[in-house]
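For ligands, and for the atoms within them, numbers begin at 1 and follow the listed sequence.
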Amino acid sequence: MKKVVFSGIQPSGDLHIGNYIGAIAQWVKMQDEYDCIYCIVDLHAITVPQDPKTLREKILEVTALYLACGIDPQKSKIFIQSENPDHPYLAWVLNCITPFGQLERMTQFKDKSQTQKEGTTAGLFDYPVLMAADILLYHTDEVPVGEDQKQHIELTRDVAEKFNKTFGETFKLPNPHISKFADARIMSLQTPSSKMSKSDIDPLGTINLLDSEDRIREKIKKAVTDSEPSISAKVHGQGNGAVQNLLTIYAAFSGCTYNTAVQKTQGKAYGQFKQELADLVVENLKPIQVKYKEIRNDEKYLRQVLDDGRNFAISKSSKLILEVKEKLGLV
Ligand code: AMP
Ligand code: TRP
């Protein structure tokens, strides 16, 4: 039996090359070796305010982007989280055994709650427990995510272990599966000390998967580097510096290691390096964009893929929910 992979992305904001390099590119690679389930986690998206019309549009956009990036519905399942009510059900159960103090330590909560002008909500605080439910419902072995999600997977393991100890062996303990590129943290092109993010207010900081060629070239041209005229020998180890970040993107899109990228670009003037990097990014994103347009316009097909995914998901999760209810004395 193949091992199970589960992952998801929130349909909020525009998907960017950080999402691609840190998450989706790995998802595509894992399809042959694992039984993969990829989710559009819309219930996570509403932990911060969303405009309903935009959200509906984004859910279909993300679905089409998964497919355009190479998720193959013949091999993997794609579904919308809110279409399987077992997710919030299990989240509630897990809430009742998750220590409050552990949730208070979650970095993503601390960051996100600071940016909420109207005050933070119980939903945002509880976000990692819903994520734990997503993962545990399918006996997941591996969770391919960016490095920023590691803490949430550790919490998932802790909660699963606690449940198993208290009520008997029920959940499998999942492992994070982090891409090898810079620990899968792609940084902002403008502020390399913070990660490239859907919620970045500076549009020049992120390269979105659906950006036009001109826009991509402009953003790379304006990316910050260092005060040298060319890539110096000082730029060595991987890290979160401006130039290291560009080299990481270069490596990811040319399919080479970070060290090879360093060797290939050593001594190059930044102007030339940026031109080559822009060519690479455009070349890699073009086929995704062409495929995206085709798929996004075919809503019947999208619905078919999502219906099939939902039916599969519910057939798996409903069995586990029955087991959980029995163990808790809820039947
Ligand atoms: P998010 O954009 O926060 O919904 O993240 C969706 C997925 O993309 C998660 O697996 C993240 O770890 C990954 N991800 C998000 N931003 C980055 C980034 N800047 N670099 C690498 N991976 C990222
Ligand atoms: N929290 C993840 C993020 O921000 C998204 C997510 C929700 C997820 N549920 C998941 C990722 C389950 C992996 C598995 O990126």
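Figure legend: cation-pi geometry between K77 and F312, with NZ or CZ positioned under 6.0 Å from the six-membered ring centre and within 45° of its axis.
L285 is connected to V282 through a chain of hydrophobic side-chain contacts under 4.5 Å among Ile, Leu, Val, Met, Phe, Trp and Tyr, so both are in one cluster. Connection of I216 to M196 is established within a shared hydrophobic cluster, with ILVMFWY side chains joined at heavy-atom distances below 4.5 Å, either directly or through further cluster members.
In Q81, neither the side chain nor the backbone holds a heavy atom less than 4.0 Å from any atom of ligand 2. Residue I9 does not touch ligand 2, judged by heavy-atom distances below 4.0 Å. With a 4.0 Å heavy-atom cut-off, ligand 1 is reached by the side chain of H16 but not by its N, CA, C or O. At a heavy-atom distance under 4.0 Å, only side-chain atoms of V145, from C-beta outward, approach ligand 2.
Ionic pairing of E218 and K221 is not present here: no N-O contact between side-chain nitrogen and carboxylate oxygen is shorter than 4.0 angstrom. A salt bridge is absent between K150 and E154; no separation between the charged side-chain nitrogens and carboxylate oxygens falls under 4.0 Å. K3 and E33 are not joined by a salt bridge, as no carboxylate oxygen comes within less than 4.0 angstrom of a charged side-chain nitrogen. In summary, K195 and D200 do not engage in a salt bridge, as defined by a charged side-chain N under 4.0 Å from a carboxylate O.
Remark: ligand 1 atoms within the under-4.0 Å shell around heavy atoms of D148 are 11 (C), 12 (O). Atoms of ligand 1 found under 4.0 Å from any heavy atom of Q10, numbered from 1 in the order shown, are 4 (O). Counting the atoms of ligand 2 from 1 in the order shown, those under 4.0 Å from a heavy atom of Q10 are 4 (O). Within the listing of ligand 1, atoms 7 (C), 8 (O), 10 (O) sit less than 4.0 angstrom from a heavy atom of A23. Contact atoms of ligand 1 toward G22: 21 (C), 22 (N) (distance under 4.0 Å to a heavy atom of the residue). Near K195, meaning under 4.0 Å from any of its heavy atoms, are these atoms of ligand 1: 15 (C), 16 (N), 19 (N). Here is the list of ligand 1 atoms found below 4.0 Å of a heavy atom in Q149: 12 (O).
Considering only non-hydrogen protein atoms, atom 5 (C) of ligand 2 sits nearest to G8 O, 3.5 Å. The single protein non-hydrogen atom nearest to atom 1 (N) of ligand 2 is Y127 OH, 2.7 Å, given as residue, atom name and distance.
Between M196 and ligand 1, an N or O atom pair is found at a separation short of 3.5 Å. Taking only nitrogen or oxygen atoms, main chain and side chain alike, R185 does not reach within less than 3.5 Å of ligand 1. Between G18 and ligand 1, at least one N/O pair is under 3.5 Å apart. Considering backbone and side-chain N/O of I186, one or more are found under 3.5 Å from N/O of ligand 1. The shortest N/O to N/O separation between K198 and ligand 1 falls below 3.5 Å.
With no hydrogens or angles considered, no side-chain donor-acceptor pair links S188 and D202 at under 3.5 Å. For the residue pair N175/R157, the side-chain donor-acceptor check at 3.5 Å is satisfied. Side-chain contact, D72 with Q31: no donor N or O sits under 3.5 Å from an acceptor N or O.
Nearest residue to atom 15 (C) of ligand 1 from L15, I9, N19 is N19 (criterion: closest heavy atom). Of the candidates D134, N19, V143, the one placing a heavy atom closest to atom 9 (N) of ligand 2 is D134.
In this pair, F167 and F163 present their aromatic rings tilted. The plane angle is within the 30 to 60° band.
Residues P192 and A242 come closest through the heavy atom pair CG-CB, 3.5 Å.
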